[in-house]
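Input: a single structure, listed below in structure tokens.
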Protein chains: 2
Amino acid sequence: MLKELEKVKDSILIKGIKTQELSSMLGCLRGVIKKYDKGETVISEGDKLNKFGLLIEGKLQVVQYDYLGNKSVISVIEPKQIFGEAFAYVNKNSSLDVEAIEKSKVLFLDSDKLSTPCEHCCTFHKQLVKNLLFIISNKNVNLTQKIECMSKRTTKEKLLTFLSLESIKNNSKEFTILLDRQALADYLGVERSAMSAELSKLRKDGIIECEKNWFKLL
Amino acid sequence: MLKELEKVKDSILIKGIKTQELSSMLGCLRGVIKKYDKGETVISEGDKLNKFGLLIEGKLQVVQYDYLGNKSVISVIEPKQIFGEAFAYVNKNSSLDVEAIEKSKVLFLDSDKLSTPCEHCCTFHKQLVKNLLFIISNKNVNLTQKIECMSKRTTKEKLLTFLSLESIKNNSKEFTILLDRQALADYLGVERSAMSAELSKLRKDGIIECEKNWFKLL
DNA sequence: AAAAGTATGTTGGAAATCCAACAAGAGGAG
DNA sequence: CTCCTCTTGTTGGATTTCCAACATACTTTT
């Protein structure tokens with residue numbers, strides 16, 4: 001198990017923790033590794049979570065079924081990322097499903113053990129708590145920014161809000177983004193073709209320049 | 001200062017902490033109380049935060065200015081609620097403003113001191129960390145649900161998604177909501193009048209019953 | 001190099017939303 | 001009670017988005 005953990009030792013969750021501490025950490029947090037084949041369910045809607053997951057290898061998908069039963073993909077989990085922590089710490093049953101889309105290996109850690117340092121006050125606990133607070137707060141900031149974009153009424157405004165935020169993040173009027181057109185449209189909650197048309201208009205109106213993933217605000 | 005803190009001793013942040021521990025907590029977390037008059041700025045965009053706030057009395061507003069300079073209210077902070085914690089823990093400058101909309105009193109706590117238990121391993125630290133993780137995770141879940149609603153393409157779907165989630169929360173097909181029509185429209189990111197019309201249609205089609213803040217899914 | 005697949009841009013009609021203005025009802029203040 | 005304000009519902013035309021279909025360019029496969 002230790003060997004598995006070392007594969008992800010530069011993940012944000014365990015960043016700053018000494019290699020020699022990893023072993024006692026696994027014991028302290030009751031680490032368990034589980035393996036999933038492609039298509040298997042990792043977490044089901046309604047599950048009570050007292051552990052959260054750290055993906056060691058493979059790929060997972062967080063999905064949701066709406067009131068009509070339509071499936072939608074909320075996010076994709078890559079190795080070194082954690083998942084399920086929000087439900088674990090609100091003590092609420094999961095409202096999402098997590099499925100393996102590749103053969104995957106997951107390390108589960110006890111959420112309570114992490115937040116409650118043991119009697120020995122192990123030094124790694126401090127670091128873990130810091131790291132976890134960083135991860136969750138960061139998600140929070142990102143979700144808030146997404147909402148900021150989505151709450152604009154027109155596609156043009158959504159785009160400009162998004163691009164303006166990216167420009168600030170990159171500290172430059174020029175930048176590249178990670179999303180392709182379809183992913184950007186999904187992120188903003190609009191139609192890809194309509195967004196594409198709007199991008200063309202912004203370009204024609206001299207408000208932006210762009211090509212593929214590269215953008216420049218004028 | 002201790003007297004002020006006792007006013008909010010049933011806040012989620014300090015829930016479960018013994019009264020006799022509050023005093024040492026204030027010292028440990030370098031608590032500072034600041035007072036603001038109506039209209040004063042509590043946090044400015046760009047501020048580097050190493051403390052987060054716990055509102056003791058008054059009322060605050062979290063606002064944001066978009067790329068055109070338009071002001072929009074992100075949320076309202078009521079007594080016992082905390083604010084600024086996300087930016088404090090991601091070590092990122094605030095991208096939001098916080099303003100006092102009433103004469104207010106705020107207790108600031110050092111975010112680093114909270115996440116890094118002192119040598120004495122004070123028992124209240126454990127509880128604080130747990131409480132904080134709960135609060136932030138909870139915000140996370142709520143933001144995700146809001147995104148779930150907003151990402152639907154039509155007003156009808158947005159409404160039904162929202163109502164379906166409320167129904168689940170209340171564990172009943174019948175429930176009342178806290179938002180009035182305008183607030184609900186803002187939450188879903190649609191026009192109030194269009195939403196009102198859609199509600200009427202849903203009622204006419206026999207999909208829901210509603211009156212004011214009361215709803216029933218059929 | 002041909003073929004198949006993927007990403008992006010374009011377009012036109014159908015559908016939905018926005019916007020502004022007004023109507024109806026409830027509740028509060030004088 | 002009357003006046004005023006606030007909330008909610010209604011309506012119609014302007015605007016925007018959606019949707020489906022197709023064009024083009026670029027990649028990968030064979």
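Naming convention: chains lettered A, B, ... in sequence-line order (proteins, then strands); numbering from 1 in each chain.
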Spacing between Asp180(A) atom CG and dT27(D) atom C1', to the nearest angstrom: 14 Å
Nearest to side-chain heavy atoms of Arg192(A), which nucleotide of dG9(C), dA21(C), dC18(C): dG9(C)
Whole-Å distance separating the CG atom of Leu184(A) from the P atom of dG9(C): 11 Å
Sugar-phosphate only, base, or nothing, as touched by Thr154(B) at under 4.0 Å among non-hydrogen atoms: sugar-phosphate
5' precedence on DNA chain D between Met195(A) and Ala197(B) (nearest-nucleotide basis): Ala197(B)
Leu199(B) CG to dT10(D) C1', straight-line distance once rounded to whole Å: 13 Å
5' priority, DNA chain D, between Lys212(A) and Glu191(A) [closest heavy atom]: Glu191(A)
More than 12 heavy atoms of other groups within 6.0 Å of Arg30(B) CZ: no
Value in whole Å for how far the C1' atom of dT16(D) lies from NZ of Lys158(A): 11 Å
Lys169(B), NZ atom: more than 12 neighbouring heavy atoms under 6.0 Å: yes
Arg181(A) side chain near dG9(C) phosphate (N/O to OP1/OP2, under 4.0 Å): yes
Phe175(A) and Phe215(A) aromatic ring geometry - parallel, tilted or perpendicular at 30°/60° bounds: parallel
Within-4.5 Å side-chain heavy-atom neighbours: Leu218(B) and Glu209(B): yes
Glu211(A) vs Lys156(B), nearer the 5' end of DNA chain C by closest nucleotide: Glu211(A)
Of the listed nucleotides dG9(D), dG9(C), dT8(C), the one nearest the side chain of Ser200(A): dG9(C)
Between dT17(D) (P) and Asp186(A) (CG): distance, integer Å: 16 Å
Length of the CD1-C1' vector between Ile177(A) and dA7(C), whole Å: 13 Å
Heavy-atom check, side chain of Lys156(B) versus side chain of Leu202(B), under 4.5 Å: yes
Sugar-phosphate only, base, or nothing, as touched by Glu198(A) at under 4.0 Å among non-hydrogen atoms: sugar-phosphate
Interatomic distance, Arg153(B) CZ vs dA20(D) P [rounded to whole Å]: 12 Å
Distance in angstrom units between Lys201(B) NZ and dT17(C) C1', rounded: 13 Å
From dT17(C), dC18(D), dT8(C), nucleotide with atom closest to Thr155(B) side chain: dT17(C)
Closest listed nucleotide, where the reference is the side chain of Ala194(A) and the choices are dT10(C), dC18(D), dG9(D): dC18(D)
Nearest-nucleotide pick for Ser193(A), side chain only, options being dT11(D), dG9(D), dT11(C): dT11(C)
